[in-house]
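Here the structure comes first, spelled out in structure tokens, and everything after it is commentary.
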There are 2 protein chains.
Amino acid sequence: MYTMKECTVYKTIDMIGKKWTLLILLELYKGQEKYKRFNEIKNGLQDITPKVLSGRLKEMEKIELVQKNVDSSFVPIKSEYALTKKGEELLCVVQEMKRWGLKWKMGNKECGLTTCKECVL
Amino acid sequence: MYTMKECTVYKTIDMIGKKWTLLILLELYKGQEKYKRFNEIKNGLQDITPKVLSGRLKEMEKIELVQKNVDSSFVPIKSEYALTKKGEELLCVVQEMKRWGLKWKMGNKECGLTTCKECVL
DNA sequence: TTTCATAGTATACATTTGGAAACTTACTAG
DNA sequence: CTAGTAAGTTTCCAAATGTATACTATGAAA
């Protein structure tokens, strides 16, 4: 018999539906550099606490949305995070959210690009 | 100064990011009838409790994703829910999730249609 | 020697969600 | 009178999640 848990959408939401996950994804996408450091992400997402960010990044690494590189030859140690292909392809979900959010105005002006790497809105 | 809370994506996730919201949306979309009754939705989403469903439907009505009609001439009372235009247009987000979920296989076979109104996967 | 920075971890606590189960109201059917 | 149904509500509890604050290691700089 059919169960909810077999539903693709259900499974997907289960993977990416937690608070911050998609916002971290978007933050990693922004800017011109592929890799971002822990504190860069943290500062971009102002309200996130290191505990939560650290937790989410680990989950995201595990399900292969994010790839982590550690360079311990640096002092202080240098950790970098980037989107994987799988993670990058999730951006279309974020873009649809943005498109929808802009259309059903929530006080924001449209920058014109749902795929803009620069604007913050 | 710029705050996270002004971000369109952030605001959108805040509105629709809670557990069950998108699944209820999808459930309302399924089938041939525009309107669905409380217990139909509940049965479609097996694991949802009436408390949670009731709560989500109210939130969704408030932000105008869902339209509710009550016909109290019926016995027992008849409540029906349908997607609004605003709600319907959120389905593209769900569709992108489905597309992504199918591409990065999670054990499901593709039905071929991300917009299928019938299949459960 | 004290301070600073990075990239977190640890601890304690508060708040938010969600879930299970029983209960409610109104009317109808047997 | 009892049972049943629809559409929830209520209560209580557990788990997930978030927050604040402090702390860690390492080495460089002042």
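The structure presented is a predicted model; accordingly, all values stated were derived computationally and were not measured. Order of the sequence lines fixes the chain letters, A, B, ..., with proteins taken first and strands second; residue numbering starts at 1 for each chain.
Applying the salt bridge (charged side-chain N to carboxylate O under 4.0 Å, His left out) test to B:Glu40 and every residue at least two apart in sequence or in another chain returns nothing. Partners of A:Ser72 by side chain to side chain donor-acceptor pair (under 3.5 Å), not counting sequence neighbours: none found. Take A:Asn39 and apply the side chain to side chain contact (heavy atoms under 4.5 Å, CB included) test, not counting sequence neighbours, and it matches A:Lys42, A:Asn43. Under the side chain to side chain donor-acceptor pair (under 3.5 Å) criterion, B:Trp20 pairs with no residue, sequence neighbours left out. Remark: B:Glu89 pairs with A:Lys103, A:Trp104, B:Lys85 by the side chain to side chain donor-acceptor pair (under 3.5 Å) rule, at least two apart or across chains. Shown here are the salt bridge (charged side-chain N to carboxylate O under 4.0 Å, His left out) partners of B:Asp47, two or more places apart in sequence or in another chain: A:Lys5. For B:Lys62, there are no salt bridge (charged side-chain N to carboxylate O under 4.0 Å, His left out) partners two or more places apart in sequence or in a different chain. The side chain to side chain contact (heavy atoms under 4.5 Å, CB included) check on B:Lys34 picks up B:Ala82, with sequence neighbours excluded.
As rounded to whole Å, 12 Å separates atom P of D:dG8 from atom NZ of B:Lys42. Across the protein-nucleic acid pair, B:Asp14 atom CG and D:dT17 atom C1' stand 14 Å apart, rounded to whole Å. Between the CD atom of A:Glu59 and the C1' atom of D:dG18 there is a distance of 13 Å, given to the nearest Å. Here the C1' atom of nucleotide D:dA6 and the NZ atom of B:Lys36 are 17 Å apart, to the nearest Å. At whole-Å resolution of the value, OH in B:Tyr35 and C1' in D:dA6 are 19 Å apart. Summarising the geometry, the separation between NZ on B:Lys19 and P on D:dA15 is reported as 14 Å, rounded to the nearest angstrom. Across the protein-nucleic acid pair, B:Glu80 atom CD and D:dG8 atom C1' stand 16 Å apart, rounded to whole Å. Here the P atom of nucleotide D:dT5 and the CD atom of B:Glu40 are 16 Å apart, to the nearest Å.
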**Fill in**
Nucleotide by nucleotide, nucleotides 25-30 of chain D touches protein heavy atoms under 4.0 Å in the pattern (B base, S sugar-phosphate only, - none) --S---
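Among B:Val9, B:Thr12, B:Ile13, B:Val93, the single residue meeting the side-chain contact (heavy atoms from CB on, under 4.5 Å) criterion with A:Val94 is B:Val9.
When DNA chain C is scanned 5' to 3' for any atom under 4.0 Å from a heavy atom of chain A, the first and last hits are C:dA5 to C:dA12.
Regarding contacts with the backbone of D:dA7, a side-chain N or O of B:Arg37 is found under 4.0 angstrom from either OP1 or OP2.
Toward the 5' end of DNA chain C, the nearer of the two residues B:Arg56 and A:Lys78, judged by each one's closest nucleotide, is A:Lys78.
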Could you give the side-chain donor-acceptor pairs of residues 49-58 of chain A under 3.5 Å, partners two or more places apart or in another chain?
unit_1: A:Arg56; atom_1: NE; unit_2: A:Lys19; atom_2: O; d: 2.9
unit_1: A:Arg56; atom_1: NH1; unit_2: A:Glu59; atom_2: OE2; d: 3.3

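Here the side chains of B:Ile16 and B:Leu65 are in contact, with some heavy-atom distance below 4.5 Å.
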Could you list all N or O pairs between the protein and nucleotides 9-13 of chain D that sit under 3.5 Å apart?
unit_1: D:dT9; atom_1: OP1; unit_2: B:Lys58; atom_2: NZ; d: 2.7
unit_1: D:dT9; atom_1: OP2; unit_2: B:Ser54; atom_2: OG; d: 2.4
unit_1: D:dT9; atom_1: OP2; unit_2: B:Lys58; atom_2: NZ; d: 3.2

